[in-house]
Amino acid sequence: MSNKENKALNQLINVRIDKLNKIKERGYNPYPHIFVKEDKIVDIIKNIDEKKKYKTAGRIISLRKMGKASFLHILGSKEKIQVYVKTDLLPDSIYDDIVRNLDLGDFIGVEGTLFYTRTKELTLQASNIILLTKSIRPLPNLKEKDGKVFFAFDDKELKYRKRYLDLIANKKVKEVFIKRSQIVNNIRIFLNSIDFLEVETPILQPLYGGAFAKPFETYHNSLDRKLYLRIADELYLKRLIIGGIERVYEIGKDFRNEGIDRTHNPEFTMLEFYKAYSDVYDMANIVETMIKTIVKNLKIETINFNDNNINLNKEFNRVTFYDILEKHMSISIKDLSIDEIYKIINVKDVKIEENLSKGKLLDKLFSIFVEPNLIEPTFVFDYPIEISPLAKHKRDGAKDIVERFELFVGGYELANSFSELNDPIDQKNRFLEQIAEKSSSDENMKQLDNDFLEAIEIGMPPTGGVGIGIDRLVMMLTSTNNIKDVILFPTLKTF
RNA sequence: GACUCCGUAGCUCAGCUGGUAGAGCAGUGCCCUUUUAAGGCAUUGGUCGUGCGUUCGAAUCGCACCGGAGUCACCA
């Protein structure tokens with residue numbers, strides 16, 4: 001489809017502009033400043049009173065002109081209603097001046113009373129029609145009968161680039177975003193109710209950290225220096241735990257300069273929360289309770305996520321990384337050499353970098369053999385230390401295992417949590433190891449975050465922390481399998 | 001970043017073993033004061049994503065580019 005305006009489209013637009021001018025010439029303002037919408041369409045439908053005079057408004061989404069009378073549907077915020085317009089019930093010349101010049105897409109105000117048509121459809125019989133906005137550009141097809149859509153507007157490119165059309169044309173789209181808002185709202189209510197404080201930390205950061213990811217770079221002119229868009233909130237929220245805010249959370253955008261696919265958008269919404277005097281096991285309980293509370297409040301019965309029906313009301317499974325990996329691979333993991341792991345991965349025909357650490361390789365095995373099978377909600381505990389530089393050693397003394405969980409649902413990671421590392425010397429050494437490993441491939445990751453280390457040296461109490469990808473949570477709770485369908489304006493290439 | 005598929009009127013699509021375009025909806029005109037994917041009659045509208053090439057001739061074949069989708073890589 002051409003991006004350029006063409007003759008055909010301009011013809012359609014010009015026809016509407018002609019109507020607009022006619023309306024103006026006859027002394028009406030096609031763009032008035034305000035309309036007092038006394039009745040919402042949802043309320044009209046809910047409490048039907050055939051004696052009451054209603055005053056409502058909406059966008060015209062269907063229009064059937066029949067000489068001196070017309071039927072049309074107007075769409076409010078949630079619902080639509082049919083309107084019957086008849087010449088001799090309207091003031092003076094309104095029918096000829098306004099109604100004859102209406103188009104699909106226009107906003108009108110309607111005053112009138114309710115009745116049922118011969119075919120028993122609840123209809124507002126108009127005693128007055130007020131043009132509220134003239135639309136001059138044609139909408140997509142909106143033909144529909146009994147909820148069945150006939151020319152579904154589902155061109156992916158148009159949906160995402162022109163989301164306003166998607167919202168007008170597809171009722172379900174609006175419902176997903178309403179639910180998204182309710183989910184986030186419920187998270188806030190839940191965390192606030194157990195004394196967490198919501199904060200905002202910097203998105204523009206001189207150093208980035210808290211996750212493995214490539215950052216976006218930007219530049220501040222008067223400071224004359226490079227800044228990064230954050231890849232995680234973690235290191236700032238921990239500074240707040242150190243400062244004595246014992247329960248703290250942030251819901252905000254993180255930015256990761258990586259590929260785009262069904263489950264990844266370059267900017268995405270992250271919830272992170274930290275609780276002092278707590279550990280990873282306590283955090284798992286909080287996460288499970290939080291998700292179940294949302295599910296209960298939003299009355300979500302079962303969900304279908306990536307073709308799997310999932311029950312969120314059952315107790316979530318709890319397993320350990322090594323146990324579940326051995327179970328799915330049917331071999332002993334502990335004694336595998338790095339070469340042997342590479343051989344296994346090569347057999348699976350998966351592309352993989354060379355010279356990875358054993359921890360990374362085990363993680364790779366996990367993502368190949370285990371992750372797709374974790375359909376029912378499952379907490380996986382006890383991760384290899386190399387892939388968890390911010391987590392505490394396992395309390396039983398195991399050197400190569402940390403206290404961490406990831407929560408999987410429908411084969412995807414939903415949450416990540418640690419007993420947060422608060423030994424400043426250990427933390428510094430782990431950062432140094434990361435830098436040593438990274439420096440060959442990633443120039444940006446070479447700097448040590450001394451400010452964060454200094455904060456840890458002041459002393460951070462034992463702390464549990466969690467990160468949850470809100471977009472993925474919304475995907476799961478709305479049975480959506482593409483992240484673009486839960487982000488209003490997903491990142492797309494620009495022309 | 002790699003590979004596969006896709007891009008025809010405002011919208012949804014057909015046409016594709018090469019002979020320069022069709023339908024429905026929307027629009028326009030006339031008729032129609034309870035219709036509902038309103039209806040009847042008539043009618044406008046497209047340099048077939050962009051560019052280059054093969055050919056007497058390209059929406060149809062080839063190459064490049066621009067967008068999109070899907071798989072993989074990176075990753076949450």
Side-chain angles (χ1 to χ4, degrees), chain A residues 1-16 18-19 62-73 82-90 95 99 103-105 115-121 123 125 136-146 148-162 165 169 210-214 231-232 254-266 268-272 349-353 363-364 367 371 406-408 412-416 441-442 467-473 475 482-484 492-495:
Chain A
M1 196 200 61
S2 172
N3 188 34
K4 281 177 275 183
E5 293 289 303
N6 58 48
K7 221 164 55 181
L9 176 57
N10 280 331
Q11 266 179 18
L12 293 172
I13 290 175
N14 283 332
V15 165
R16 290 180 176 225
D18 287 345
K19 291 180 186 171
S62 79
L63 182 55
R64 293 177 293 283
K65 294 182 187 175
M66 304 180 302
K68 295 193 174 68
S70 298
F71 282 93
L72 49 99
H73 279 91
Q82 179 165 259
V83 178
Y84 179 51
V85 189
K86 186 155 74 150
T87 315
D88 42 24
L89 291 177
L90 292 178
Y95 197 91
V99 178
D103 283 298
L104 289 172
F115 77 108
Y116 286 91
T117 61
R118 279 180 196 156
T119 49
K120 303 279 186 288
E121 179 167 353
T123 301
Q125 180 166 266
I136 61 166
R137 187 176 284 265
L139 273 80
N141 269 320
L142 298 172
K143 290 282 183 189
E144 180 216 345
K145 185 179 172 63
D146 303 329
K148 196 182 172 212
V149 177
F150 288 89
F151 302 97
F153 178 76
D154 64 354
D155 181 298
K156 296 277 183 276
E157 184 166 1
L158 281 177
K159 270 169 77 77
Y160 301 138
R161 285 192 202 282
K162 306 201 183 295
L165 296 179
F212 299 117
K214 293 192 188 74
I231 60 170
D254 284 349
F255 305 84
R256 299 189 181 177
N257 207 338
E258 279 145 10
I260 297 172
D261 64 28
R262 233 179 37 243
T263 57
H264 297 85
N265 196 60
F268 63 102
T269 304
M270 193 74 175
L271 160 67
E272 288 193 30
D349 205 23
V350 172
K351 294 175 209 163
I352 186 161
E353 282 178 60
D363 194 39
K364 196 78 200 170
S367 69
E371 212 172 308
E406 292 192 318
L407 171 62
F408 294 87
Y412 281 99
E413 184 191 336
L414 198 65
N416 183 20
S441 60
D442 188 350
I468 297 180
I470 295 295
D471 311 278
R472 285 194 183 172
L473 180 66
M475 285 170 69
N482 192 323
I483 199 168
K484 288 187 173 77
L492 298 173
K493 281 193 195 173
T494 45
F495 295 107

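Proteins come first, then strands; the chains are lettered A, B, ... in the order of their sequence lines, and each starts at number 1.
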### Query
Given atom CG of A/Leu142 and atom C1' of B/G27, what is their separation to the nearest angstrom?
15 Å

### Query
With side chains defined as the heavy atoms from C-beta onward, is the minimum distance between A/Pro138 and A/Asp103 less than 4.5 Å?
no

### Query
In whole Å, what is the span from the CZ atom of A/Phe153 to the C1' atom of B/C13?
15 Å

### Query
Paired with B/A37: which nucleotide, if any, by Watson-Crick or G-U wobble criteria at under 3.5 Å for both distances?
none

### Task
Rounded off to whole Å, could you give me the CG-to-P distance for the A/Asn10 and B/G45 pair?
14 Å

### Task
Using both distances under 3.5 Å as the test, list the Watson-Crick or G-U wobble partner of B/U50, or none.
B/A64

#### Entry: Sugar-phosphate only, base, or nothing, as touched by A/Lys19 at under 4.0 Å among non-hydrogen atoms
sugar-phosphate

## Note on the structure
Output for pair (A/Leu165 CG, A/Tyr160 OH), nearest 0.5 Å, gives 14.5 Å

### Message
Please classify the nucleic acid contact of A/Ala169 as base, sugar-phosphate, or nothing, using heavy-atom distances under 4.0 Å.
### Response
nothing

### Message
Rounded to whole Å, how long is the line connecting atom CG of A/Leu158 with atom C1' of B/C6?
### Response
14 Å

### Message
Suppose you measure atom P in B/G7 against the same atom in B/C25; what distance do you get, rounded to whole Å?
### Response
24 Å

### Spacing of A/Phe268 atom CZ and A/Asp254 atom CG [to the nearest 0.5 Å]
4.5 Å

### Query
Should B/U55 form a Watson-Crick or G-U wobble pair with both distances under 3.5 Å, which nucleotide is its partner?
none

### Task
Quick one: look up who B/U4 pairs with, Watson-Crick or G-U, both distances under 3.5 Å, and put none if it's unpaired.
B/A69

### Task
Confirm from the modelled atom types if A/Thr87 and B/U33 form a donor-acceptor pair under 3.5 Å, side chain to base only.
no

### Query
Regarding A/Glu144 and A/His73, is there a side-chain donor-to-acceptor distance under 3.5 Å anywhere?
no

## Note on the structure
Considering only heavy side-chain atoms of A/Asp154, the closest of B/G45, B/U33, B/C13 is B/C13

### Message
How would you summarise protein contacts on nucleotides 68-73 of chain B per nucleotide, using B for base, S for sugar-phosphate only and - for none, with heavy-atom distances below 4.0 Å?
### Response
SSSSSS

### A/Phe151 CZ to B/U12 C1', straight-line distance once rounded to whole Å
6 Å

### Task
Could you tell me whether A/Phe268 contacts a base, only the sugar-phosphate backbone, or nothing, with contacts defined as non-hydrogen atoms closer than 4.0 Å?
base

#### Entry: Closest nucleotide among B/C11, B/G45, B/U34 to the A/Ala8 side chain
B/G45

### Message
Closer than 3.5 angstrom, by distance alone: can the side chain of A/Thr87 be matched with the main-chain N or O of A/Lys68 as a donor-acceptor pair?
### Response
yes

### Message
Measuring only the C1' atom in each nucleotide, how far is B/A59 from B/G46? A whole number of Å is fine.
### Response
11 Å

### P-based separation of B/G51 from B/G18 [nearest Å]
23 Å

### Task
Classify the nucleic acid contact of A/Lys148 as base, sugar-phosphate or nothing, counting any heavy atom under 4.0 Å across all strands shown.
nothing

### Query
What's the shortest heavy-atom distance between A/Thr123 and A/Thr117, and which atoms?
OG1-CG2, 3.3 Å

### Task
Can you figure out which of B/G10, B/U33, B/U35 approaches the side chain of A/Thr123 most closely?
B/U35

### Message
Distance criterion of 3.5 Å, no angle test: do you see the side chain of A/Gln82 paired donor-to-acceptor with the base of B/U35?
### Response
yes

### Task
Determine the interatomic distance between C1' on B/U8 and the same-named atom on B/U20; round to the nearest Å.
14 Å

### Message
Output the rounded distance in Å from CG (A/Asn141) to P (B/U12).
### Response
8 Å

### Message
Applying side-chain hydrogen bond (donor to acceptor under 3.5 Å, both in side chains), can you list everything that pairs with A/Glu258, at least two apart in sequence or on another chain?
### Response
none

### Message
Please compare A/Arg16 and A/Arg64 by the position of their nearest nucleotide in RNA chain B and report the one closer to 5'.
### Response
A/Arg16

### Task
Verify, without hydrogens or angle tests, whether A/Asp155 (side chain) and A/Glu157 (backbone) share a donor-acceptor contact under 3.5 angstrom.
yes

## Note on the structure
Checking N1-N3 plus N6-O4 or O6-N4 for Watson-Crick, or N1-O2 and O6-N3 for wobble, each under 3.5 Å, the partner of B/A21 is none

#### Entry: Separation between the P atoms of B/C63 and B/G70, rounded to whole Å
25 Å

#### Entry: P-based separation of B/G53 from B/A21 [nearest Å]
22 Å

### Euclidean distance for C1', B/C32 against B/U50 (whole angstrom)
47 Å

### Task
Scan every strand shown for a Watson-Crick or G-U wobble partner of B/U28, both distances under 3.5 Å, and answer none if you come up empty.
B/A42

#### Entry: Nucleotide forming a Watson-Crick or wobble pair with B/A9, both distances under 3.5 Å
none

### Query
For the side chain of A/Lys7, counting heavy atoms from C-beta on, which of B/U34, B/U12, B/G46 is nearest?
B/G46

### Query
Among the nucleotides B/U35, B/G27, B/U33, which one has an atom lying closest to any side-chain atom of A/Val15?
B/G27

### Query
Out of A/Leu414, A/Asn416, A/Ile468, which residue meets the side-chain contact (heavy atoms from CB on, under 4.5 Å) rule with A/Leu407?
A/Leu414

### Summary
Rounded to whole Å, NZ of A/Lys65 lies from P of B/G39 at a distance of 16 Å

### Task
Taking atom C1' in both B/U33 and B/G22, compute the distance separating them and give it to the nearest angstrom.
37 Å

### Query
Got a second to check how far A/Gln82's CD is from A/Tyr116's OH, nearest 0.5 Å?
12.5 Å

### Query
Hey, which of these two, A/Leu139 or A/Leu63, hits RNA chain B nearer its 5' end, going by closest nucleotide?
A/Leu139

### Task
Round to a whole Å and report the spacing from NZ of A/Lys86 to P of B/U33.
11 Å

